[in-house]
Amino acid sequence: MSDEPKKYMNPYLAGVLLGLVLLASFLILGAGLGASSGLARIGAFAEGCIFPGHVRASEYFGKWAENPLGYYLVFMLAGTFLGGLVSALLAGRIKVGVERGAAFSARNRLLLALVGGVIVGFASRLAQGCTSGQALTGSALLLSGSLVFLICVFAGGYAAAWFVRRQWHD
Amino acid sequence: MIETLYGSGRLEAPAAFLLALLLGGGFGFALERAGFGSSRRLAGIFYFRDMAVLKVMFTAVVTAMLGLSYLQALGWIGPDQVYLMPSIYGAQIVGGLVFGAGFVMGGWCPGTAAVGAASGKLDALVFLGGAVLGGVLFNELFTAVAPLYAWGDSGVSMAFAALGMSRAGFAFLFVLVAVGCFWGAEIVERRVSGTGEFLGSRFLKAFSLILVVLAAGLFIFPSGRGAAAAAAPPAASAPGEAELLRGVEAAADHVEPEDLADRMMRGEEGLLVVDVRPAAEYAGFRLRGAVNVPIAELAAFLEPRRNQGTVVLYSNGMVHPAQARDSLARAGHANVFILTDGLEGFAERCLKPASLRPGAVTPAEAARINAWRAYFSKPDAPPARPARVEAPRAELPGMVSAGWLAANLGRAGLKAVDLREQKDYNGGHIPDSLSLHPESLRGNVGGLPSMLLPAGMLAEHFSLMGIEPADTVVFAFSGDKLRDATLAGMACERLGHARWAVLDGGWEAWLAGRHPTDALLPAARRSKYPAPAAADRFTVDYRTVLAELGPGTVIIDVRPADFYSGKKRDEARGGHIPGAVNRDFALDLAPKGSAGSLMPTEELAAAYAALIPSKDSPVIVHCRTGHQASQTFFVLKHVLGYRSVRWYDAGWTEWAARAELPVE
């Protein structure tokens, strides 16, 4: 891996590739791509390991309590990780570290990543999907709510961008 | 025609997991190729430095949208084959805004973070952990956010339909916007970062042209086909449909699955659901609380329930139950219905998870579906007893051997009831058997002592013991008290409980067979035994007896001969009802030594053939309190097959006391 990492793929062609994977998912599974559901299922599993009774009795996780990990989107999430790993290995892009601006501390960057993660995890349950399951999949299906979600993600992102801009300052 | 896993209901099968893993691999690969393993690149769009997110996402959306539109327009894939998420505007607007803020803070979204973690980014790993926590947080706060979660639920809404456009028209506009965004993104990149390498390039021109031409191509298909996906499949059940169905139920011969599911869950009184499939299929899966009766035995089984309550027949499909229903209807059963679309329809319409349904599933409907799934996924007996009680060799009601009982003990749907004295029961009994004093089924009714209690009280009694209508109930007794079992059997008869049996030979036969015993109390859970609405058809009072005196009806006085003759008497008047014949109930019992059994059937048949002209002759049996006569009733009706046997429960107690009634 001492070679210079490869240049990223032409974004339009990468988009076509991604679109074809999504189309394949429509044709094979009859459902699009998704990532946040898998994370929520892992959350239900982990919480169920610690408080099994509580999770079984809870209104939202309760319906998965039998076997939270026995769901196709959990496997899709694992596949996403593996697919990313293969691609990154081939491109020589694996580099352990915290990605941040040079002028921003790693600790603060990790803190923002954690808080951002919690917010995203919560919001994707509220909206029943994330950038994959709603914005990408739902928009390709021309679903009204998914397109609205997509627009709102960018609106929310641009509104908050200024406040966290320093994490990318070099 | 492409059939998807979702379309064929196999999205929860293990094969789907493997395919999802592979598709996820493609997803992760494509994301990484695009450079989405870097949060700096992802966040770039929010600072107008790197617009790759917009280019990749919009291209992917347009590619999949065009591909699916073409395949649907060509008829290669049906509109019902792809799961369409409902639009819940409030939740999606708030969720989207919050998500965007989290996205820009964390620098990742869930899918890209998985790829980032695979690329060694520790911030991606932390982000994923946060997202898992966020899901847990959502679960913990669900009660509070539930209104927001369902706010603005509009069901499945296609954007073009919502805007009053054709699918092709909207797709074309969508592609034009996408191409405009691509060019805009290149311009922004050039201005902000000096990049925008594709601005004005031949590649981007060609790419834009291809997309626009492909989108325009959709116009050549008739709009009906292209727009087929707009017609969202109907929701599982519109509100008020159940009420509507209840209204038409009296006239229709179908019961809709949603309606039946609700009624079964409510424990509707008088509702009997009959599974007419082979026993093996029934053992594999059944609707909770359903009874298994082969079609050939339906008529006999339903006879006691003729026009009492509601009977619903089901099989996998509809053909066999429909034929059976028609046959029963011709035989005068007006209360038999069939389940629309059978078990398959039930599975599809009630048991299919809300998450896998096409069309709008409102939270209220989802809650209803979840309630059905929870109720019907539970077995109707503890899971440790998977096998259903097998059918005894004899028809029920009838006698079962101790060996049969031992072989079926512990199976679902079997209830043994021990009628011996409580101290004997306490000392040791058939494992899991319920102790019952037979006299607790009788009481004073309108001044008449020792009358079998009304159906409502018997139903309550059975409920307290946890007996369900579908159970096979076996009555055990001691010594020559076979009449205890038949008296308890009369309670079953009154309730229309068809599956009851007398333990042949009683407790002594159980012991002789060296079958297990214990002194534990069974775990009985209260049930909801339905009480039949109408009175039973076999109990008569003195008026009926008086009216039928004389030739025609055979009245059998089953008391010992000395009481019949009047030589002995406990009552004000001795003797018997004019015209009654005497047949001591004890004569039907096998001689001592084999106590607890009946005489051989041939001997019984010969004895009664001498008293009763034919199997259809009207017969009324009585004794002093109804207890001994219950045994003769059992012998005549269930052992010998006499078809018109009635029971004068009040018996000599009442007849003797009513001075106006004639005595011989």
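Convention: sequence-line order gives letters A, B, ...; per-chain numbering from 1.
With a 4.5 Å cut-off on non-hydrogen atoms, A:Leu73 does not touch chain B at all. Residue contact with chain B, scored on non-hydrogen atoms closer than 4.5 Å, involves the backbone and the side chain of A:Ile28 alike. Contact annotation for B:Ala117: both backbone and side-chain heavy atoms come within less than 4.5 Å of a heavy atom of chain A. For B:Ala162, the part lying under 4.5 angstrom from a heavy atom of chain A is the side chain only. Using a 4.5 Å cut-off between heavy atoms, B:Leu137 touches chain A through backbone and side chain atoms alike. B:Arg10 does not touch chain A: none of its heavy atoms, backbone or side chain, sits under 4.5 Å away. Heavy-atom distances place no part of B:Leu66 under 4.5 Å from chain A, backbone and side chain included. There is no contact between B:Phe58 and chain A, counting heavy-atom distances below 4.5 Å. Contacts between B:Leu18 and chain A at a heavy-atom distance below 4.5 Å are absent for every atom of the residue. With a 4.5 angstrom heavy-atom cutoff, B:Asn139 touches chain A via backbone and side-chain atoms both. In this structure, chain A has heavy atoms under 4.5 Å from both the backbone and the side chain of B:Ser38. Proximity to chain A is absent for every atom of B:Leu22, based on heavy atoms less than 4.5 angstrom apart. Contact of B:Phe36 with chain A is not made at all, since no heavy-atom distance falls under 4.5 Å. Both the backbone and the side chain of A:Ala135 come within less than 4.5 Å of a heavy atom of chain B. Within the 4.5 angstrom heavy-atom criterion, atoms from both the backbone and the side chain of A:Arg165 approach chain B. In this structure, chain A has no heavy atom under 4.5 Å from any part of B:Glu12. Of the atoms belonging to A:Ala159, not a single heavy atom falls under 4.5 Å from chain B. Neither the backbone nor the side chain of B:Val62 comes within contact range of chain A; no heavy atom of the residue lies under 4.5 Å from a heavy atom of that chain.
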Return all side-chain donor-acceptor pairs below 3.5 angstrom for residues 8-24 of chain A, not counting sequence neighbours, or 'none' if the list is empty.
| from | atom 1 | to | atom 2 | distance (Å) |
| --- | --- | --- | --- | --- |
| A:Asn10 | OD1 | A:Tyr12 | N | 2.8 |
| A:Asn10 | OD1 | A:Leu13 | N | 3.4 |
| A:Tyr12 | OH | B:Glu186 | OE2 | 2.7 |

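Contact between A:Leu147 and B:Ala159 at its shortest, heavy atoms only, is CD1-CB, 3.6 Å. Closest approach of A:Leu27 to B:Ile2, counting heavy atoms only: O-CG2, 3.5 Å. A:Ser124 and B:Phe99 get closest at one heavy-atom pair: CB-CE1, 4.0 Å. Closest approach of B:Met85 to A:Leu143, counting heavy atoms only: N-CD1, 3.5 Å. Minimum heavy-atom separation, B:Phe27 to A:Ser132: CZ-OG, 3.4 Å. In this structure, B:Val104 and A:Gln167 approach most closely via the heavy-atom pair O-NE2, 3.2 Å.
Here the side chains of A:Phe149 and B:Ile93 are not in contact, with every heavy-atom distance at 4.5 Å or above. You'll find the side chain of A:Thr131 reaches within 4.5 Å of the side chain of B:Pro110, heavy atoms only. At a threshold of 4.5 Å between non-hydrogen side-chain atoms, the residues A:Leu126 and B:Phe138 count as touching. B:Phe160 has its side chain within reach of A:Leu142: a pair of non-hydrogen atoms, C-beta onward, lies under 4.5 Å apart. In this structure, the side chains of B:Met57 and A:Leu150 come closer than 4.5 Å at one or more pairs of heavy atoms. Between A:Leu141 and B:Met65 the shortest side-chain heavy-atom distance does not fall below 4.5 Å. A 4.5 Å side-chain heavy-atom check between A:Ser144 and B:Met158 finds every atom pair outside the cut-off.
Of the residues B:Val98, B:Val94, B:Leu97, the one that meets the side-chain contact (heavy atoms from CB on, under 4.5 Å) test with A:Cys152 is B:Leu97. The only option from B:Phe48, B:Tyr47, B:Phe103 that meets the ring-ring contact (aromatic ring centres under 6.0 Å, His included) definition with A:Tyr158 turns out to be B:Phe48.
Under a 4.0 Å N-O distance rule, the pair A:Arg125/B:Glu140 does not qualify as a salt bridge.
Counting only N and O atoms by type, the side chains of B:Gln92 and A:Ser146 include no donor and acceptor under 3.5 Å apart. For the residue pair A:Arg93/B:Ser119, the side-chain donor-acceptor check at 3.5 Å is not satisfied.
Residues B:Phe142 and A:Phe61 place their aromatic rings such that the two centres sit no closer than 6.0 Å. Ring-centre distance between B:Tyr6 and A:Tyr72: not below the 6.0 Å cut-off.
Without hydrogens or angle criteria, B:Asp123 side chain to A:Glu99 main chain gives a donor-acceptor distance under 3.5 Å.
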When you look at B:Met105 and A:Ile119, which way does the side chain to side chain contact (heavy atoms under 4.5 Å, CB included) test go after all the steps?
-> CA-CA 9 Å; B:Met105 276 176 87; A:Ile119 292 173; 3.8 Å; yes

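Relative ring orientation between A:Phe75 and B:Phe17 is described as parallel, the plane-to-plane angle staying below 30° on a 0-90° scale split at 30° and 60°.
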